[in-house]
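None of the values given here were measured: they were computed from a predicted structure. Note that these values count all heavy atoms, side chains included, but never hydrogens, waters or copies made by symmetry. Positions are given from 1 along the sequence.
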Amino acid sequence: MTDSVRRRARVRAPELIGKGGWLNTGDQRYTLADLRGRIVVLDFWTFCCINCLHVLDELRQMEAGYRDTLVVIGVHSPKFVHEAEHRAVVDAVERYGVEHPVLDDPELATWKQYAVRAWPTLVVIDPEGYVVAQHAGEGHVHAIERLVTELEAEHEAKGTLRRGDGPYVPPEPEPTALRFPGKALLLPSGNLLVSDTTRHQLVELEGDGETVVRRIGQGSRGLTDSTRVRSRFSEPQGLALLPDGSVVVADTVNHALRRFDPESGRTTTLAGTGRQWMRGDATSGPGREVNLSSPWDVAWWNGKVWIAMAGVHQLWAYDPADGTVSVTAGTSNEGLVDGPADEAWFAQPSGLAVSPDGERLWLADSETSALRWVDLDGHVHTAVGAGLFDFGHRDGAAGRALLQHPLGVTALPDGSVAVADTYNHALRRYDPATGEVTTLATDLREPSGAVLAGGDIVVVESARHRLTRLRLPEEAVRVEPVAHRTRRAATEVAPGRLRLDVVFQAPAGQKLDTRYGPATRLLVSATPPELLLKGEGTDTDLSRELELNPAVTEGVLHVSAMAAGCDAPASGDGFAADAAEYPACHVHQQDWGVPLRLTKGGADRLPLVLAGLDEQEAVPQTP
């Protein structure tokens, strides 16, 4: 056993507090003292965040492998106002199949105690109640598993490890026909096809939107191509009708594009390997050989299947003519930047719709609370939305109107667009002819999509587990305007020089891989761009001197950091000549959007943790 655990700083873990209480525990409340003797992993997450959803999936296998020594606790730490509602957190825990206790922390109390800066963040606490590791971002489970194995051995020998059943208590299942449905599609028969996301199925309903005709899929997670009864999906979302009458399915958690044939009832895979796309992977090639990342919606446009690739903040396309996939828009940086397709920034695109004239591909860009579109020349435009941290419910001129995490768009016959304004529980309408945003309906529970059916619009009310049919009214419903800023507090920094340090130390058993050049990369930009007088751009050093414009009082610093490491021999300070010819390599990647407020007397250094942190720097010592 290495001595990497023993060398870690002895930092007492702060207590777990959250005004919303505990979920998945049978109403039992827990303290860290109750968990003494177990290895604890805290997962700081929020349910809007695609990276957080990726981590939930990463954790499943580790939880199963260490069931009698490891306790994973989700600490739900909201970004959007809606995410601070306890009922919404209860829904999200079921929706995404979270099978461990969750602490609902709507006021970010525990988040602040642990000095967390980004979603998601994982914190490891040893059986004696000390913090031994903290990792921001996704892709760190392999390092945490290694640490858990070390901790098991060390505390077994010390007699401080306690084995047994964990505190997870599953909720009682609800007998509804649909469970958190995602999207809907009108079939040529007049029936409706719905992605029954939480039950990992597709469901065909009669035109009334209620009577079940048949279910497609076994109803358990998996990636299986087969008949209607034997095929398997994992949290499917978007649906699109192809010219041949078949349906393409965004099989989100399988990171795959599937095809369902309503005539034969068979499901096949068009694109994706079942593995999540990571930086350095191919961005084009034969569909079955290229990794995808959380495809959330699909649309047939200009002879291709366009894909809202939420996991990498891009649009991709599948070409049925040659069976290939490729990136069509977006740099993979998260934000709101218009312009040519290869320069645009998106933030979890989650809904797609083609305009009646075929000249625009509309998209719901959920994390920027924006309605955007792509034109036939490949340029990206924004109709409604201001950025990652501005949202609310406000009608009026598009430049002032606000949405809150929309997940769906529906093109209307007159050229306007209906928006499933998910976190506002509303259906909104944007009219390009007037540039106005109005509200069509309220009191919908987390609408995630909608489809036209005759003179009606059928809305997927995801959190009410049903389809709701509405008449499109002549006049919009008026609601009181509300504007919000993100609940995450801005970091106060001094104007002028700011030292940016991305803290990275390769996890135990890894070395930075410098065999083929620099192993690190740092990209820095700002919104508004005027915030940065110096320091913008890309370089290989993980530390940088920035200069902040004193004339700009607040803004968002966008930071993207990457470090590549490979498994190293147990001894030595590099890659030994007799080491494995092809060591396993890992990319540590994290993107931050850090709200800044320029204040006299503010900090002149901004540390951001990528991995391998000295915990005394990030977690305050508590008595």
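- Side-chain contact of Arg266 with Thr268: a donor-acceptor pair under 3.5 Å is absent, judged by distance alone.
- Side-chain atoms of His135 and Thr121 include no donor-acceptor pair closer than 3.5 Å.
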Side-chain donor-acceptor pairs of residues 173-184 under 3.5 Å, sequence neighbours excluded:
residue, atom, partner, partner atom, Å
Thr176, OG1, Leu178, O, 2.6
Thr176, OG1, Arg179, NH1, 3.2
Arg179, NE, Glu94, OE2, 2.7
Arg179, NH1, His465, NE2, 3.3
Arg179, NH2, Glu94, OE1, 3.1
Arg179, NH2, Glu94, OE2, 3.4
Lys183, NZ, Ser350, O, 3.1
Lys183, NZ, Leu407, O, 2.5
Lys183, NZ, Ser448, O, 2.8

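- Each of His405, Arg95, Arg464 was checked for a side chain to side chain donor-acceptor pair (under 3.5 Å) with Glu446, and the lone residue meeting it is Arg95.
- Taking the six-membered ring for Trp, Phe47 and Tyr96 have ring centres at least 6.0 Å apart.
- Contact annotation: the side chain of Glu99 never approaches that of Pro170 to less than 4.5 Å [non-hydrogen atoms, C-beta and beyond].
- Residues Ile50 and Gly311 share a closest heavy-atom pair of CG1-CA, 3.8 Å.
- The closest side-chain donor-acceptor pair between Arg232 and Ser226, if any, does not fall under 3.5 angstrom.
- In terms of modelled atom types and a separation under 3.5 Å, the side chain of Ser366 and the main chain of Gln348 share a donor-acceptor contact.
- Not one N or O on the side chain of Glu235 forms a donor-acceptor pair closer than 3.5 Å with the backbone of Val253.
- Phe44 and Tyr114 have tilted rings, their planes meeting at an angle from 30° to 60° on a 0 to 90° scale.
- Remark: Trp45 pairs with His76 by the ring pair (Phe, Tyr, Trp, His ring centres under 6.0 Å) rule, at least two apart or across chains.
- Side chains of Asp225 and Thr269: a donor on one and an acceptor on the other come within 3.5 Å.
- Residues Trp316 and Gln314 have side chains that bring a donor and an acceptor to within less than 3.5 angstrom of each other.
- Taking 4.5 Å as the limit, some side-chain heavy atom of Val249 sits within range of a side-chain heavy atom of Leu202.
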